[in-house]
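Single-structure report; data block below.
Everything numeric in this text was worked out from a predicted model, so none of it was measured. Throughout, residue positions are numbered sequentially from 1 according to the sequence presented.
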Amino acid sequence: MENCLAKCSCKIGLATIVGLHVFPYCKASIVPLPPTISTADTAVEFVQALLEEECPAASSANAATGNVWLQLELLAAASLEEYFAGGVIDAQVPQLQQQRHLQRQRLALALASLLRGLAVLMSRPAAALLCPVLCVTHLQRAAEWATALDQPQRARGLLQLGGAFKLEAMWRWISASRRDPSFAQANPRFHPRLHAQYTIAMQQLHSVLEVKHKPLLQWRGPQPPDVEIHSLCHYPSGGALEGQSRNTLTLPALSVPNHKAYAAKHGHRYVLHERLPKPELEPQFNKINVVAEALGKPGTAQWILFIDCDAFFTNFSTSVADVFETYGASSKKTQFLVAEDPGGINTGVFLIRNSAWSKEFLGRVDRNGFRMAWDQSMFLWEMLGPELFDEHDVFRGDFALKPEVVLVHQAHLNAFVPPASHDWQAYEWQRGDFICHFAGCPFREPECEMMIMQAAQSAADEWIVNASLQ
């Protein structure tokens, strides 16, 4: 038990919780306990009872996984004690300013304790994914405390990761509802309050922190960066997939000519990938390996623009160099550009520099175990963590992205269409935007098929007009 408690102890002064009391591991004495709680074993029993109720999979898992969740829950409980203790007015500190300073200190201690527990859990994706809803709950609380500490960037990052866990939990709920009608009847909705709170919080933070929509600047350098365009269009040969439209195979027939035409217009090499490097994985996960392999080949350009098969260039007057100019990406420090949305990022389109940093970054993404929101959650984790959970960073100020990563407005790299733009409260494509991406709009659905065909024709017309003006 002593070893367990030592592992659960927090460097900032909290160790573990017993009921509503904590004892500092750096002191020999233990805080007196209420009459109903007499041993540290009771704290573990208390937390284990909570896990059995809220996350049976964790409580029944192997010892190593169970201990990871136990550490988190003990630190989470300790953080709550610290948080509520910070709200108590101390009569011995009469000055209001000092009171507020002490309250912020206690809140920072509480957040640091919770982040430490989350850091332990997030380092073990398999354990975290046992209980996605409980992960969401803890990440939401950490985000609320970060907001109270004037750390909105940290709050948004925590909510974005929590959103990926929420999506995983929703998928499991949908699957269970389809398998078992009685489950669907007993659970007609997926945690409506949690879902609503998350949506409101993420939308509000995004409205304040988002990259502002501004006109694109034209490239002013003597020579634009060397860029090649890659796309992965993998569809089964010999016909459509079962249950899909008979026109499934026409999506590459629409998008690939669009990609080729844009590349030819701006002098870029275009590379179409039709085979999966890892056929056991879905296509969206294979883009990581497609780009990583391209970066490892001699003769590859300075930059790669990756574009999904369901995305179209819709403004042939816009150059990739214009995007670099607008976002200051000509700096050698910049390595990765991706469009942000309220839920995080979408990697249907991104720009990545051919560099040692990028190769190492893609390697980490490929090994990442958080595959909840397709490949987006893998990229997002490597952009945010583990620094997002650094308990000591809480006392230094707000979280900041790695300097190598630049977020871009959707209008300039990856604009959505309905229903995704509506469902995700994201930016919606407008005429004149650079790239239109049909994320969340499957080609097999008649309405989406019609919009994609219209976009392809509109882009072709725009290219013809643009070419005639040259």
Side-chain angles (χ1 to χ4, degrees), residues 160 202-203 206-207 209-218 227 229-233 251 254-256 258-259 261-263 265-266 284 287 305-327 329 336-352 373-376 379-380 405-443 445 447-463 465-466:
Q160 287 171 341
M202 293 178 72
Q203 185 62 37
H206 181 72
S207 66
L209 302 173
E210 68 175 323
V211 176
K212 302 306 178 185
H213 191 187
K214 56 187 176 182
L216 275 171
L217 302 176
Q218 290 189 336
V227 178
I229 300 171
H230 288 246
S231 185
L232 174 61
C233 292
L251 179 57
L254 293 170
S255 61
V256 171
N258 171 268
H259 300 169
Y262 179 85
K265 163 74 167 58
H266 291 274
Q284 60 265 31
K287 73 175 66 170
L305 186 154
F306 180 86
I307 181 168
D308 271 355
C309 199
D310 60 348
F312 293 79
F313 293 98
T314 52
N315 188 336
F316 280 65
S317 299
T318 298
S319 71
V320 177
D322 295 341
V323 178
F324 288 140
E325 183 72 28
T326 304
Y327 291 94
F336 182 65
L337 293 90
V338 65
E340 67 167 357
D341 58 64
I345 59 170
N346 184 284
T347 51
V349 185
F350 62 83
L351 281 155
I352 191 163
W374 303 281
D375 57 300
Q376 268 86 232
F379 275 92
L380 184 64
V405 176
V406 173
L407 296 177
V408 178
H409 192 277
Q410 285 188 269
H412 299 154
L413 200 62
N414 191 348
F416 292 162
V417 300
S421 56
H422 297 166
D423 294 343
W424 303 336
Q425 292 84 44
Y427 176 84
E428 188 168 306
W429 179 86
Q430 305 291 324
R431 186 171 296 277
D433 291 343
F434 185 25
I435 294 174
C436 176
H437 184 199
F438 288 84
C441 193
F443 189 66
E445 296 182 5
E447 185 177 353
C448 293
E449 180 179 335
M450 180 182 67
M451 287 195 298
I452 289 174
M453 295 183 74
Q454 289 174 347
Q457 184 59 53
S458 176
D461 294 342
E462 198 273 343
W463 176 78
V465 170
N466 189 270

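Atom CD of Q425 and atom OG of S207 lie 11.5 Å apart (nearest 0.5 Å). Atom CG of L209 is separated from atom CE of M202 by 12.0 Å, given to the nearest 0.5 angstrom. For the atom pair CD of E210 and CD of Q203, the computed distance is 8.0 Å after rounding to the nearest 0.5 Å. Annotation: the span from E428 atom CD to C436 atom SG amounts to 9.5 Å, rounded to 0.5 Å. The line from CG of L413 to CD1 of I435 is 5.0 Å long, rounded to the nearest 0.5 Å.
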As a quick check of understanding, evaluate side chain to side chain contact (heavy atoms under 4.5 Å, CB included) for Y327 and H412, giving each step before the final call. CA-CA 10 Å; Y327 291 94; H412 299 154; 2.6 Å; yes
Check step by step if side chain to side chain contact (heavy atoms under 4.5 Å, CB included) holds for C233 and S255. CA-CA 9 Å; C233 292; S255 61; 4.3 Å; yes
What do the steps show when you test L380 against Q160 for side chain to side chain contact (heavy atoms under 4.5 Å, CB included), and what is the final call? CA-CA 8 Å; L380 184 64; Q160 287 171 341; 3.9 Å; yes
Applying side chain to side chain contact (heavy atoms under 4.5 Å, CB included), run through V349 and L305 and close with a yes or a no. CA-CA 7 Å; V349 185; L305 186 154; 4.3 Å; yes
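Residues C441 and P418 have side chains not in contact (no heavy-atom distance under 4.5 Å, counting atoms from C-beta outward). Using a 4.5 Å heavy-atom threshold, the side chains of V320 and H266 count as separate. Considering only heavy atoms from C-beta on, L232 comes within 4.5 Å of F306 through its side chain. Side-chain contact check for F313 versus I229: some heavy-atom pair is nearer than 4.5 Å. In this structure, the side chains of Q410 and H437 stay at 4.5 Å or more apart for every pair of heavy atoms. At least one side-chain heavy atom of I345 sits less than 4.5 Å from a side-chain heavy atom of L407.
N414 places a side-chain N or O within 3.5 Å of a backbone atom of N346 that can act as its donor or acceptor partner. A donor-acceptor contact shorter than 3.5 Å is absent between the side chain of T314 and the backbone of A459. Distance alone, capped at 3.5 Å, is enough to place a donor-acceptor pair between the N315 side chain and the G432 backbone. With hydrogens and angles disregarded, no donor-acceptor distance shorter than 3.5 Å links the side chain of S421 to the backbone of F416. Judged purely by atom type and a 3.5 angstrom limit, Q376 uses its side chain to pair as donor or acceptor with the backbone of T347. A distance-only check finds a donor-acceptor pair linking the side chain of D341 to the backbone of G343 [under 3.5 Å].
Of all non-hydrogen atoms in S458 and R431, the two that sit nearest each other are OG-NH1, 3.4 Å. Nearest heavy-atom pair, P419 versus G440, reported as atom, atom and distance to 0.1 Å: CG-O, 3.8 Å. The heavy-atom pair separating V227 from F324 by the smallest distance is CG2-CE1, 4.0 Å.
Counting non-hydrogen atoms of other residues, nucleotides and ligands closer than 6.0 Å to CD of Q218 gives a total of 12 or fewer. Sparse packing is recorded around CD of E447, with 12 or fewer heavy atoms of other residues, nucleotides or ligands lying under 6.0 Å away. Heavy-atom contacts from other residues, nucleotides or ligands closer than 6.0 Å to CE of M453 number 12 or fewer.
Taking the salt bridge (Lys or Arg N to Asp or Glu O under 4.0 Å) definition, one finds that D375 meets it with K287, sequence neighbours left out. For H213, there are no side chain to side chain donor-acceptor pair (under 3.5 Å) partners, not counting sequence neighbours.
In this structure, F350 and F379 have tilted ring planes: the angle between them lies in the 30° to 60° band.
With 3.5 Å as the limit, one finds a donor-acceptor pair spanning the side chains of S319 and D322.
A ring-centre distance under 6.0 Å is found for F316 and Y262.
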